[in-house]
Amino acid sequence: MDPIKNQISAIDPLTIDPVAEPNGEEALHKILSGTTVFSDSRPIAAVTSLEQRRRRKAQIAGGLLLGAAAVTAGVLVAANFGSVNSAPAPAVTVTSQEATPTPSVSVTPTPTATPSATPTATPTVAAPVTAPPPVPTVPAVAPTPVSTTTQPPVPMATSQTFTFPDGHISFTYPVGWTVRLEQGPSAGATILDGTGAEVAFMSSGFYGDGTGGPVTRTVYDRAVVPGLTDKSGNPVEFGFAANQARYVPYGAPADSAPVLDPPSYFMDLRIASELQPGETGSGSNQILMPNGYMSARVIFDINKQPAFATPEAAKAWMGSAQYGQLKSMLMSVSYK
């Protein structure tokens, strides 16, 4: 067997067979009651020597010391680990004072009964739970409410009205344009646009004159002027058209085909019978009213004949702002 193992077994009190100690009273009784024959023939192993007894007591004391040390160590370890509890510990929430304060429930102290030697319970007040002081917050500025109600646009003056001195003929024209009243036997007014260019002419209470002849007419635009009729009750119309005079060249045979002149463009007011398309008479823009003849026409550049190089150019001009302003002005003419 291993020597170290032998030494450990030698000091283990549980592995040493105890030797029965001699009974002192019995031995004394035998000595006093009879003759005893002492002999040294007893085996020496059966006699426990003083040295063996001392060693045995030392072994027992060492075992007890080891046991006490083991118990003490167990108690210390158990104290350090604490009691074993299967329930989880309650969670602790750490609240920072910089956080935004939230509504909290205040704790009201309630009396609790404490057992004592006397039958009366002594109430004890639990310490109130003090909530951290609320952090002042700056109230948010509410945005300015935006109205969703659509307000009607504020009407702006886009036109102004002119009335002739006799008080019969009146019309509207764009803001920024001007009217220059002419002097003479018949009242006339020249309309100028924002650049000062003469763009139209109107007259009231004028006398009638003029000549005419056969033409071929192309009508590009026409419309009845609301509420305006001549002295006989015939409706007055707005028109944009071109006349091409038809004539037989001088010296040509009588049965020669007529020749057409370049187109002459006009934009004015006239009675409906004077605005027929095709081969017709040149007609006139003079309208007989109760106070005399009136006329209203657009002034084209006299130095530019024809006013438009091609019929397509005339049609393109109809989509311009100037055309719309001139047409609106002529359509606004009224008589009272």
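Just so it is clear, the model here is predicted, and its values are computed rather than measured. Residues take their numbers from the sequence shown, with the count starting at 1.
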List the atom of [X], the atom of [Y], and the distance in Å for their closest heavy-atom pair.
X      : Y      : result
Leu269 : Val225 : CD2-CG2, 3.6 Å
Asp230 : Met289 : CA-SD, 3.9 Å
Tyr220 : Pro311 : OH-CB, 3.5 Å
Thr216 : Arg246 : OG1-CD, 3.0 Å
Arg217 : Asn243 : NE-OD1, 2.8 Å
Pro165 : Leu181 : CG-CD2, 3.6 Å

[X]-[Y] side chain donor-acceptor pair, cut-off 3.5 Å:
X      : Y      : result
Asn285 : Arg270 : no
Asn234 : Ser232 : no
Ser284 : Glu274 : no
Ser332 : Thr172 : yes
Ser295 : Asp268 : no

Worksheet item: Got more than 12 heavy atoms from elsewhere within 6.0 Å of CG, Leu65?
Response: yes
Worksheet entry | Heavy-atom neighbours of Arg55 CZ exceed 12 at 6.0 Å | no
For [X], side-chain contact (heavy atoms from CB on, under 4.5 Å) partners two or more places apart:
X      : result
Pro263 : Ala242, Gln244, Tyr265
Pro226 : Met331
Asn303 : Asp301
Glu237 : Arg222, Val224, Ala272, Leu275

Could you work out, with side-chain hydrogen bond (donor to acceptor under 3.5 Å, both in side chains) as the rule, every residue matching [X], not counting sequence neighbours?
X      : answer
Ser282 : none
Gln305 : none
Ser256 : none

Worksheet item: With distance as the sole test, does Gln276 use its side chain to make a donor-acceptor pair with the main-chain N or O of Gly281 at under 3.5 Å?
Response: no
What distance separates [X] [atom1] from [Y] [atom2], expressed to the nearest 0.5 Å?
X      : Y      : atom1 : atom2 : value
Phe164 : Asn291 : CZ    : CG    : 10.0 Å
Met294 : Leu288 : CE    : CG    : 11.5 Å
Tyr293 : Ile287 : OH    : CD1   : 11.0 Å
Gln322 : Asp193 : CD    : CG    : 6.5 Å
Met329 : Phe238 : CE    : CZ    : 10.0 Å
Lys315 : Glu312 : NZ    : CD    : 6.0 Å

Worksheet item: Rest of the hydrophobic cluster containing Val259 (Ile/Leu/Val/Met/Phe/Trp/Tyr, side-chain heavy atoms under 4.5 Å)?
Response: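 Under the 4.5 Å side-chain rule, Val259 groups with Tyr247.
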Worksheet item: Linking Ile, Leu, Val, Met, Phe, Trp and Tyr by side-chain heavy atoms under 4.5 Å, what else ends up with Val248?
Response: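 None; Val248 is a cluster of one.
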Fill in: Close side-chain approach of Met202 to Phe162, heavy-atom, < 4.5 Å
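Contact flag for Met202/Phe162 side chains = no.
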Practice prompt. Go through the structure and list residues passing salt bridge (Lys or Arg N to Asp or Glu O under 4.0 Å) with Glu279, not counting sequence neighbours.
Written response: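 In terms of salt bridge (Lys or Arg N to Asp or Glu O under 4.0 Å), with neighbours along the sequence ignored, Glu279 is linked to no residue.
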Practice prompt. Please list, chain by chain and in numerical order, all residues satisfying salt bridge (Lys or Arg N to Asp or Glu O under 4.0 Å) with Asp261, sequence neighbours excluded.
Written response: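 For Asp261 there are no salt bridge (Lys or Arg N to Asp or Glu O under 4.0 Å) partners, ignoring immediate neighbours.
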Worksheet item: Out of curiosity, does Phe266 fall in the hydrophobic cluster containing Val215 (side-chain heavy atoms, cut-off under 4.5 Å, transitive links)?
Response: no
Item to complete: Treating Ile, Leu, Val, Met, Phe, Trp and Tyr as nodes and any side-chain heavy-atom pair under 4.5 angstrom as an edge, say whether Met318 and Val199 lie in one connected cluster.
Response: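 Yes; Val199 is reachable from Met318 via cluster members.
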Fill in: Residue from Leu326, Val179, Val298 passing side chain to side chain contact (heavy atoms under 4.5 Å, CB included) with Ile191
Val179
Fill in: Pairs touching residues 309-336 that satisfy ring-ring contact (aromatic ring centres under 6.0 Å, His included), sequence neighbours left out
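Passing the test, one end in residues 309-336: His168-Tyr335, Phe240-Trp317, Phe240-Tyr323, Phe300-Trp317, Phe308-Trp317, Trp317-Tyr323.
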